[in-house]
S.K.: 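Sharing a structure here in structure tokens format.
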Amino acid sequence: MRLERNFFERNTLTVAKELLGKVLVRKVGKKEIRARIVETEAYIGEEDKACHARFGKTKRNAVMYGRAGCAYIYLCYGIYELLNIVTEGKGFPAAVLVRGVVFLPRRSQIGPGKLTKYLKITRALNQEDLTKSEKLWVEDDGFKVKRSQIKSAPRIGIPYAGTWAKKKWRFNIEK
DNA sequence: TATTTGATTCTT
DNA sequence: AGAATCAAATAT
């Protein structure tokens, strides 16, 4: 079943952890592409020096200030579109970056830049409401992730964030 | 208006 | 270690 608004309207770290094992569904035409989320990363608030909201509300990050459950997609390094899911209440900028997925029933894992390419996710889907969209949403297919399988680690690719880069806000499922 | 800089990935 | 490649942020 599809995850509803109340799933996303919670503490960002909680959502990041519980998103592990869930299924990302991208519908293009009549085809559905499914991929299991195996790695996520949290970006929380204007205080977080790694978060795009660190300079306040801008045209790009405005969606993070909006409703939980919406997609925040942006272009990184001019090449890769990265997918985030907005969390917490309206007015508070926070989101969970989908860092890694495995396609079903395939096994190989791919990173944040490639998964959007494979799922045909572009900025055209920015601000898409995942609780209502016909094109992109997240499902719970009953797959259980044991607590002991969830690992936390420092965030990646944000050396400029100083001490904030060291926060263990990256979560993944142990193989 | 011009320059710098990335929530990445692949090549050398 | 560096390139690819562009939009947003910052400097001018």
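Residue numbers start from 1 in every chain, and the chains themselves are labelled A, B, ... in the order their sequence lines are given, proteins ahead of strands.
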S.K.: Using whole Å, what does the distance between atom C1' of nucleotide B:dT5 and atom OH of A:Tyr77 come to?
M.R.: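 Interatomic distance, OH of A:Tyr77 to C1' of B:dT5: 9 Å.
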S.K.: To the nearest Å, give me how far apart CD1 (A:Ile73) and P (C:dA7) are.
M.R.: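 Going from A:Ile73 (CD1) to C:dA7 (P), I get 16 Å.
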S.K.: Are A:Arg36 and A:Asp141 close enough for a salt bridge, meaning some N to O gap below 4.0 Å?
M.R.: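 A salt bridge links A:Arg36 with A:Asp141.
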S.K.: Quick one: look up who C:dT5 pairs with, Watson-Crick or G-U, both distances under 3.5 Å, and put none if it's unpaired.
M.R.: none
S.K.: Classify A:Arg123 by what it touches in the nucleic acid, base, sugar-phosphate, or nothing, heavy-atom distance under 4.0 Å.
M.R.: sugar-phosphate
S.K.: Can a side chain N or O of A:Lys59 be found less than 4.0 Å away from OP1 or OP2 on C:dA9?
M.R.: no
S.K.: Base, sugar-phosphate, or nothing for A:Leu82, non-hydrogen atoms under 4.0 angstrom?
M.R.: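 Sugar-phosphate contact only - A:Leu82 comes under 4.0 Å of backbone atoms but never of a base.
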S.K.: Within this structure, what is the CD1-to-C1' distance between A:Ile158 and B:dT5, rounded to whole angstrom?
M.R.: 15 Å
S.K.: Salt bridge or not for A:Arg2 and A:Glu139, using N-O below 4.0 Å?
M.R.: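 Salt bridge between A:Arg2 and A:Glu139, a charged N being under 4.0 Å from a carboxylate O: no.
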S.K.: Any side-chain N or O of A:Arg99 below 4.0 angstrom from OP1/OP2 of B:dT8?
M.R.: yes
S.K.: Just to be sure I understand the rule, does A:Gly78 reach a base, reach only the sugar-phosphate, or reach nothing, if contact means heavy atoms closer than 4.0 Å?
M.R.: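 It contacts base atoms.
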S.K.: Can you figure out which of C:dA4, C:dA9, B:dC10 approaches the side chain of A:Lys114 most closely?
M.R.: B:dC10
S.K.: Under the 3.5 angstrom rule, does the side chain of A:Asn84 hit a backbone N or O of A:Tyr72 as a donor-acceptor pair?
M.R.: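 Such a contact is found between A:Asn84 side chain and A:Tyr72 backbone.
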S.K.: For the residue pair A:Thr131 / A:Glu4, report whether a side-chain donor-acceptor contact shorter than 3.5 Å exists.
M.R.: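 Per modelled atom types, A:Glu4 and A:Thr131 side chains form no pair under 3.5 Å.
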